[in-house]
Amino acid sequence: MFYHSKELQYNARVSRPDPRFARLLLEQFGGGNGELKAAMQYFVQAFACHNPYPDKYDMLMDIATEELGHLEIVGATIQMLLSGVNGDLKNVAEENDIFGDGFSKDDFIHSAFAVNPQFGVLTGGGPALTDSNGMPWQGTYVNANGDLTVDLRSNIAAESRAKIVYEYLMEFTDDKYVLATLNFLMAREIAHFQQFEAALGTIAPNFPPGVRQGDPRYCNLYSNHSAGGDAYGPWNEGRSAGLDEEWRYVDDPHEQAMSTDGLTALKPEGTERTEASVRNADKKLGKERSGEVRRATESQNQQWCEYGAGKAATRKREPVGQSR
């Protein structure tokens, strides 16, 4: 059940119309890294969490719903930036000097339509569900894999991309009110990034993503596929961050492939894992993850929620700064 409040989460304002920036801001309305993408991604991901991870379902639905509110903030800002194009304000634009000296209503509307004809031809002076180049929003923007560790990593990346888009957008306007709105929206991306990161940390183990652990012969290989100017760092020397295995630097991948029958005869090195231990870990984690879902889901006579029963789970709050 959704409930809409007419008051925006943040007090969105603009100093003056700016159809050119309105077009750029469409990127966060109907673009691949925008607010609708985020809302739909977290909304879709939440369904698979409802029974096995009700706490993560709550988080994903909370953030998805907030993202819809952010979509409204972006849409409202675009609409205000297009004031004078909208039919309700055209007469007012003729009577009031809101555009500055020497800039007529006709000049303003021509400018808006030249930037994006859809503002007038298709939307009558309002935001369209497209990106800044007029490409329609599409469901392929949404990433939902049905594995929470994978989905949370997708969300961390999505919040990172959305944050940097807002950062770039702030370079293209000097409107103090618009900048304040963008600053708020950018800060919320940082908050959501941290929330998804924290949620991922509550799932153990969470690396590698999924259930299967990965063949120990190949997880710690670094193949040097370029000649000259070789670079070294924690990505190819020392121990790996995720599996704590010793990186094996392969200076000549072609020779390695030829001498090991296409890597099929390669032996594990730099790791305590073996093929047998990996198979056992696969079975153990697969049984654990499957059991989580099966225990939380009835096989028949299912009901999504209990009406009048209050919240499904009691939230346990700890003092700020207290570690678990």
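What you are looking at is a predicted structure, and each value in this text was computed from that prediction instead of being measured.
Between the CG atom of N145 and the CZ atom of R153 there is a distance of 12.0 Å, given to the nearest 0.5 Å. Taking CG of D151 as the start and CG of N143 as the end, the distance is 8.0 Å to the nearest 0.5 Å. Note that CG of N224 is 14.5 Å distant from NE2 of H254, once rounded to the nearest 0.5 Å. For the atom pair L26 CG and N133 CG, the distance stands at 10.0 Å (nearest 0.5 Å). In this structure, CD in E275 is found 5.0 Å from CG in D215, a value given to the nearest 0.5 Å. Rounding to the nearest 0.5 angstrom, the gap separating the CG atom in N236 from the CG atom in L221 is 12.0 Å.
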Problem set entry | Candidate pair L24 and T173, rule side-chain contact (heavy atoms from CB on, under 4.5 Å), full reasoning | CA-CA 10 Å; L24 293 178; T173 181; over 6 Å; no
For this session: Tell me, with the steps shown, if Q195 and I190 meet side-chain contact (heavy atoms from CB on, under 4.5 Å).
Result: CA-CA 9 Å; Q195 289 159 6; I190 297 171; over 6 Å; no
Exercise. Could you go step by step and tell me if D261 and T264 meet the side-chain contact (heavy atoms from CB on, under 4.5 Å) rule?
Worked result: CA-CA 6 Å; D261 194 22; T264 59; 3.4 Å; yes
For this session: Go through the steps for T260 and L263 under the test side-chain contact (heavy atoms from CB on, under 4.5 Å), then give the verdict.
Result: CA-CA 5 Å; T260 59; L263 302 185; 3.5 Å; yes
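No side-chain N or O of N220 forms a donor-acceptor pair with one of S240 less than 3.5 Å apart. In summary, the side chains of D147 and T149 do present a donor paired with an acceptor at a separation below 3.5 Å, with no hydrogens or angles considered. Q45 and N155 share a donor-acceptor pair across their side chains, judged by distance under 3.5 Å alone. No side-chain N or O of Q41 forms a donor-acceptor pair with one of Y141 less than 3.5 Å apart. Between the side chains of Q28 and H70, no donor-acceptor pair of N or O atoms lies under 3.5 Å.
The nearest pair of heavy atoms linking Y249 to Y232 is CE1-CE2, 3.5 Å. Closest non-hydrogen pair, S132 versus R23, comes out as O-NE, 2.6 Å. The minimum heavy-atom distance linking T271 with P216 is given by the pair CG2-O, 3.9 Å. Nearest heavy atom pair, residue Q213 against residue R273, reads O-NH1, 3.5 Å. For the residue pair S15 and D175, the shortest heavy atom distance occurs at N-OD2, 2.6 Å. Contact between P127 and I78 at its shortest, heavy atoms only, is CB-CG2, 3.6 Å.
Taking 4.5 Å as the limit, some side-chain heavy atom of E189 sits within range of a side-chain heavy atom of E35. Side-chain atoms of S83 and V14, non-hydrogen and from C-beta on, never get closer than 4.5 Å to each other. With contacts defined as side-chain heavy-atom distances shorter than 4.5 Å, the pair T202/K56 qualifies. Within the 4.5 Å cutoff, no side-chain heavy atoms of Y42 are placed close to those of M61. Two residues are said to be in side-chain contact when any heavy atoms from C-beta on lie closer than 4.5 Å; R248 and Y222 fail this criterion. By the 4.5 Å heavy-atom criterion applied to side chains, K267 and R217 are not counted as neighbours. Using a 4.5 Å heavy-atom threshold, the side chains of L266 and Q256 count as touching. With contacts defined as side-chain heavy-atom distances shorter than 4.5 Å, the pair P205/L285 qualifies.
Look at D18 and R20 and you find no salt bridge, because none of the NZ, NE, NH1 or NH2 atoms lies under 4.0 Å from a carboxylate O. The pair K284-E288 fails the salt-bridge criterion, with no side-chain N (NZ, NE, NH1 or NH2) lying under 4.0 Å from an Asp/Glu carboxylate O. The pair R188-E66 counts as a salt bridge, with a side-chain nitrogen and a carboxylate oxygen less than 4.0 angstrom apart. We find that D174 and R16 are joined by a salt bridge, their nearest charged nitrogen and carboxylate oxygen being less than 4.0 Å apart.
Linking ILVMFWY residues whenever their side-chain heavy atoms come closer than 4.5 Å, directly or via other members, leaves F184 and Y177 in distinct clusters. Residues F47 and F196 do not share a hydrophobic cluster, clusters being chains of Ile/Leu/Val/Met/Phe/Trp/Tyr side chains in contact below 4.5 Å. L185 and L8 fall within the same hydrophobic cluster, where Ile, Leu, Val, Met, Phe, Trp and Tyr residues are linked whenever their side-chain heavy atoms come under 4.5 Å apart, directly or through other members. Side-chain heavy atoms closer than 4.5 Å link hydrophobic residues (I, L, V, M, F, W, Y) into clusters, and following such links, even through other members, never connects V150 to L60. L169 and L71 fall within a single hydrophobic cluster, where Ile, Leu, Val, Met, Phe, Trp and Tyr are joined by side-chain heavy atoms under 4.5 Å apart, directly or via other members.
Around the OH atom of Y168, the shell of radius 6.0 Å holds no more than 12 heavy atoms that belong to other residues, nucleotides or ligands. Heavy atoms of other residues, nucleotides or ligands lying less than 6.0 angstrom from CD of E272 number 12 at most. Counting heavy atoms of neighbouring residues, nucleotides and ligands inside a 6.0 Å radius, atom CZ of R212 does not exceed 12 of them.
Using the six-membered ring where Trp is involved, H50 and Y57 have ring planes that are perpendicular, over 60° apart on the 30 and 60° scheme.
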